[in-house]
Q: 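Take this structure first; my questions come after.
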Amino acid sequence: MNPRSCVNIHKEWDIVGARQLGREMAKEIGFGTVDQARIATAVSELARNIYLYAKNGQVCFEYIYTNSQKGILMTAVDTGPGIKDISRVMQDGYTTSGGLGAGLPGVKRLMDEFDIESAAGEGTKIKAIKWIR
Amino acid sequence: MNPRSCVNIHKEWDIVGARQLGREMAKEIGFGTVDQARIATAVSELARNIYLYAKNGQVCFEYIYTNSQKGILMTAVDTGPGIKDISRVMQDGYTTSGGLGAGLPGVKRLMDEFDIESAAGEGTKIKAIKWIR
Amino acid sequence: MEETIRKNTVKYQKLLQKYIETQDEKSLYDLELISKAFIKKNILPEELINLHIQAMERIYPQLLEEYKLSMEFLLEATVFYGLALQEVDYLRQEKDVLTSEISVAANMQKTLLGTQRPEVSGLDIGAISVPAHQMNGDYHHFTKGSNGTIGIAIADVVGKGIPAALCMSMIKYAMDSYPEATMSPNKVLENLNRVVERNIDPSMFITMCYAHYLPAESKLRLSSAGHEPGYIFRAETEEFEEVRAKGIVLGVMPDATYREYELAIQKDDLIIFLTDGVSECRDGDRFIETEELLEVIRKYIDLPAQELVENVYQYFEKLQDFQLRDDFTLIVLRKEV
Amino acid sequence: MEETIRKNTVKYQKLLQKYIETQDEKSLYDLELISKAFIKKNILPEELINLHIQAMERIYPQLLEEYKLSMEFLLEATVFYGLALQEVDYLRQEKDVLTSEISVAANMQKTLLGTQRPEVSGLDIGAISVPAHQMNGDYHHFTKGSNGTIGIAIADVVGKGIPAALCMSMIKYAMDSYPEATMSPNKVLENLNRVVERNIDPSMFITMCYAHYLPAESKLRLSSAGHEPGYIFRAETEEFEEVRAKGIVLGVMPDATYREYELAIQKDDLIIFLTDGVSECRDGDRFIETEELLEVIRKYIDLPAQELVENVYQYFEKLQDFQLRDDFTLIVLRKEV
Amino acid sequence: MNLSVNVQEDSNVKVLEVSGEIDAYTAPELKETLMPLMRESGNEIEVDLENVQYMDSTGLGVFVSALKASKESGSHYTLKNVQDRVFRIFEITGLSEIIEIKAAIRGGNE
Ligand SMILES: [Mn+2]
Ligand SMILES: [Mn+2]
Ligand SMILES: [Mn+2]
Ligand SMILES: [Mn+2]
């Protein structure tokens, strides 16, 4: 069985909750200190996006396994305004955080796999995976 | 009186000697840890340039004082091939160190004032000042 | 910067102390916010380490000498990280300057190459030209002669981007000096070829198709300088007919000559011109086949000409994940009467 | 990357231990070399901190728990520094793509605008044109008519860089279509003005001076479209004479007309044409004065024409700290007989 | 070098007080303020260049496009207090013939 744990994001404090859950699950399955910190940072970015732009949403974590690897999958879902121009927000240098290399391109860098689906008016769904090295 | 101390640069080991002298003089006059490290790094870059491209040269240090400030002045002189296109080597991104942000633009950043004179075939003279904050 | 550091030293120290005592996630979240602010204010990694050292010295005044030394060592190791980081600002500025310069040039090019679809009763014309980058290396142009002849030019410079765009303007200015409507298509190409050959870089060339549509006679006369073949959709059979015209590209042979082809056009026939940015669209690593392109055109064939070309463009834009690999130009003319 | 870290962990640990024991500069120098290698291999700051933690744990197995926690905290603080650093790579790549595209275009432009100084016995011609950025928004061109007339064109588009360069090619192609040698200077400008006015962006214009030198009659005929005044150095008096010709810039008034001026040239006189990139050089925040420019020219006045212009250029290049603010074009003609 | 543009409304006349250097980097700022006013119909605008010591051809370009826009909108502008170095380039380019520069209060040129 592969339990899935989620944190609802409504207020800023929930970002901390999501980070904590993500970090604990990452530690549990065997990620090192550096990767724990990176996963927590990625969670922050996703949760903060929900908090700032969609107001309501959820960040979920689950373990994933392949024949040769194990890792953590995080899913951030919201029913906010959605992203009109995905290629633009995924552009490096274009970040809501004013060019810190963060934002969604930052999440993509911190994690190993990244996928985004969004429709204007319908919300956004982001999946990101980090594998244990 | 303002004594001037110099280190001749012939071999790689001399780079270490120049760093040491620069750091000691910087510490002596009251620079903090961060600035000591930056000054040492700037010395490294200048001394290494001499060692790699001019073979022979000298790095000198002296204290300088104005009414309101005191600081350290370093002078790197060589009689090497000189720099043909100064504007090009002073360009960011163009560095002999392969884009680490170092090279001469790096020295300029690490120090507060920077001046370069060079003539092809006659060698190069670089002056750089760091003021105590 | 000094000010920010001083203000944040206390905050950092408190957070650090709290974290050492409780290891709570909240302190780490607050730390994230501080560290972001640091980067925004250009506080370099070595300064962060120094701030950490100072905080530790206050929290643990009896800290081991070895610890302090180890931190000085670490600080030293981060100086180059700081230097590398400072390049971000510089690079971003440089890139912005170039990008804005290019966008000004792209706008100029738009003004310069702007062409109006001529209003001709009984002829429905649609045209779209979208550059892969900011500047267009495809060219198209319409003219309407006093005798009613419609001139249609479509061209593609080798490559794309700024060099292609620069080259493109050559065609524009050279064409400006010709009495197009009265000069036969092959003569237009022969003249252009001489200009291009004289002025173009040896590694470049231009493909071009020039056509006259004669409404009174319902005839299309065209010549091609190595350009992508066009098509005629025959209303009667509902089949596409390839319009292949022989001729060498512009800019290679100083004295090239071109043949003129003549085709009869029937009511409701559709004349199609395009550049290889249309015919060589890619779906992932796969190139689309001609049949596929024609099927897409067929799909929208009943639409007014301008809607037709726009729909075809949108189809391929999406197929290619919104990233054009080459300039895309598509022109259609429908004989309505 | 893993591999580099592993290899360097041992080295880092040894250096750290040595430094803690002896505090020698040599370890710090070696550390510098390692840290440079780390950055080159994209080892991020948080990984460096982690490597430091591991080294310390090995050197001091009984290290305080507080120390370890403080280092974890520091590691966390550096994650954003790592992200910002990664942007450097990305930005550098983007910039390189643009720069190389522009440099291809700049080379094309050089081929395109290339002009030969005509060989005329008794006339020594020197010309230099250096763009401030990669592409040139200044234009100059020489022609030699069958009647011996030397045509000299010098022009400057508003602004510099790519947009100016794109615009510049308009002059080139339009000029190509004129029988320059037999058309009077004012007619050349009037014709060009119509082309420019039709095609140029409303916020742009071009200044231009067009001249004919008639060796047989020792006369200079010229017209100016708002261009920077030229000079004649009179050998007899050793004084500079300003050549101010009235006329509005190209591209503003559709039906502008230009006056033709005629000057007699004596043996050893020097005719000087320039763009405002020469006359508006800056020394720091100070603009040079006309007298200063003329003094510099005077300094090199005995040199052959080409050496003269090159020396003047080098003088101002150095004065401006090797950073041209505008395209720089200087032409001189010396009547030797 | 920065450029600042202040708009003063002074009994039917809008006065643009410009100060700083007008070059390729700052000209867009002037353009953003001046052009919308020029495109509106019936505006009377004075551009005060007393505090502009330097202007390059990009700056002239702004005034050229303002002139072209004014022909369509029927708005009108004049320049005043133009400094010597700046006036020189209006003169050289022949633009002083088609752009109204208020001679009476032109600082230092008369
Ligand atoms: Mn192309
Ligand atoms: Mn193509
Ligand atoms: Mn220019
Ligand atoms: Mn200029």
Side-chain angles (χ1 to χ4, degrees), chain B residues 7 9 11-27 33 36-48 51-52 59 83-108 110 114-120, chain D residues 15 18-19 22-45 48 52 81 84-100 102-103 130-134 281 284 313-325 328:
Chain B
V7 176
I9 311 290
K11 48 190 193 304
E12 195 178 2
W13 179 256
D14 297 328
I15 302 173
V16 176
R19 285 175 58 109
Q20 182 143 22
L21 178 60
R23 190 191 301 269
E24 273 164 16
M25 285 183 67
K27 195 171 186 172
T33 327
Q36 284 174 40
R38 285 179 181 157
I39 289 167
T41 306
V43 175
S44 256
E45 288 297 311
L46 293 181
R48 187 164 29 237
Y51 166 70
L52 289 177
V59 182
I83 298 167
K84 261 179 236 135
D85 189 347
I86 292 186
S87 67
R88 192 148 155 261
V89 285
M90 285 312 296
Q91 234 175 61
D92 259 294
Y94 176 89
T95 65
T96 46
S97 42
L100 297 177
L104 292 184
V107 175
K108 199 172 170 180
L110 290 162
F114 183 91
D115 184 57
I116 179 166
E117 279 172 42
S118 187
Chain D
L15 277 180
K18 189 161 165 247
Y19 178 75
T22 65
Q23 287 114 68
D24 65 332
E25 191 68 36
K26 174 74 166 59
S27 333
L28 295 180
Y29 176 66
D30 290 341
L31 173 64
E32 180 178 293
L33 301 179
I34 296 189
S35 77
K36 273 187 172 179
F38 281 6
I39 296 176
K40 259 195 187 150
K41 282 169 184 156
N42 288 320
I43 289 174
L44 299 175
L48 171 68
H52 183 86
Y81 282 86
L85 255 182
Q86 280 171 285
E87 247 199 329
V88 177
D89 267 351
Y90 157 75
L91 285 168
R92 189 175 291 126
Q93 269 171 34
E94 286 280 287
K95 200 197 133 198
D96 286 351
V97 168
L98 293 179
T99 315
S100 78
I102 294 170
S103 98
V130 183
H133 302 325
Q134 288 180 285
C281 276
Y313 168 68
Q314 277 155 22
Y315 178 93
F316 286 114
E317 187 196 21
K318 200 175 173 197
L319 188 75
Q320 297 183 101
D321 233 354
F322 305 96
Q323 304 268 332
L324 291 193
R325 283 164 173 260
F328 183 111

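Since this is a predicted model, take the numbers as computed values, not measurements. Lettering of chains follows the sequences in order, A, B, ..., and the numbering in each one begins at 1.
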Q: Does some side-chain heavy atom of Lys26(D) sit less than 4.5 Å from a side-chain heavy atom of Gln20(B)?
A: no
Q: Could you pull out all residues at least two apart from Lys27(B) that satisfy salt bridge (Lys or Arg N to Asp or Glu O under 4.0 Å)?
A: none
Q: Any chance you could measure Leu28(D), atom CG, to Arg23(B), atom CZ, to the nearest 0.5 Å?
A: 5.0 Å
Q: What I'd like to find out is whether the side chain of Leu33(D) reaches to under 4.5 Å of the side chain of Arg48(B), using heavy atoms alone.
A: yes
Q: Is the closest side-chain donor-acceptor distance between Glu12(B) and Tyr29(D) under 3.5 Å?
A: yes
Q: Can you tell me if Lys108(B) has over 12 outside heavy atoms packed within less than 6.0 Å of its NZ?
A: no
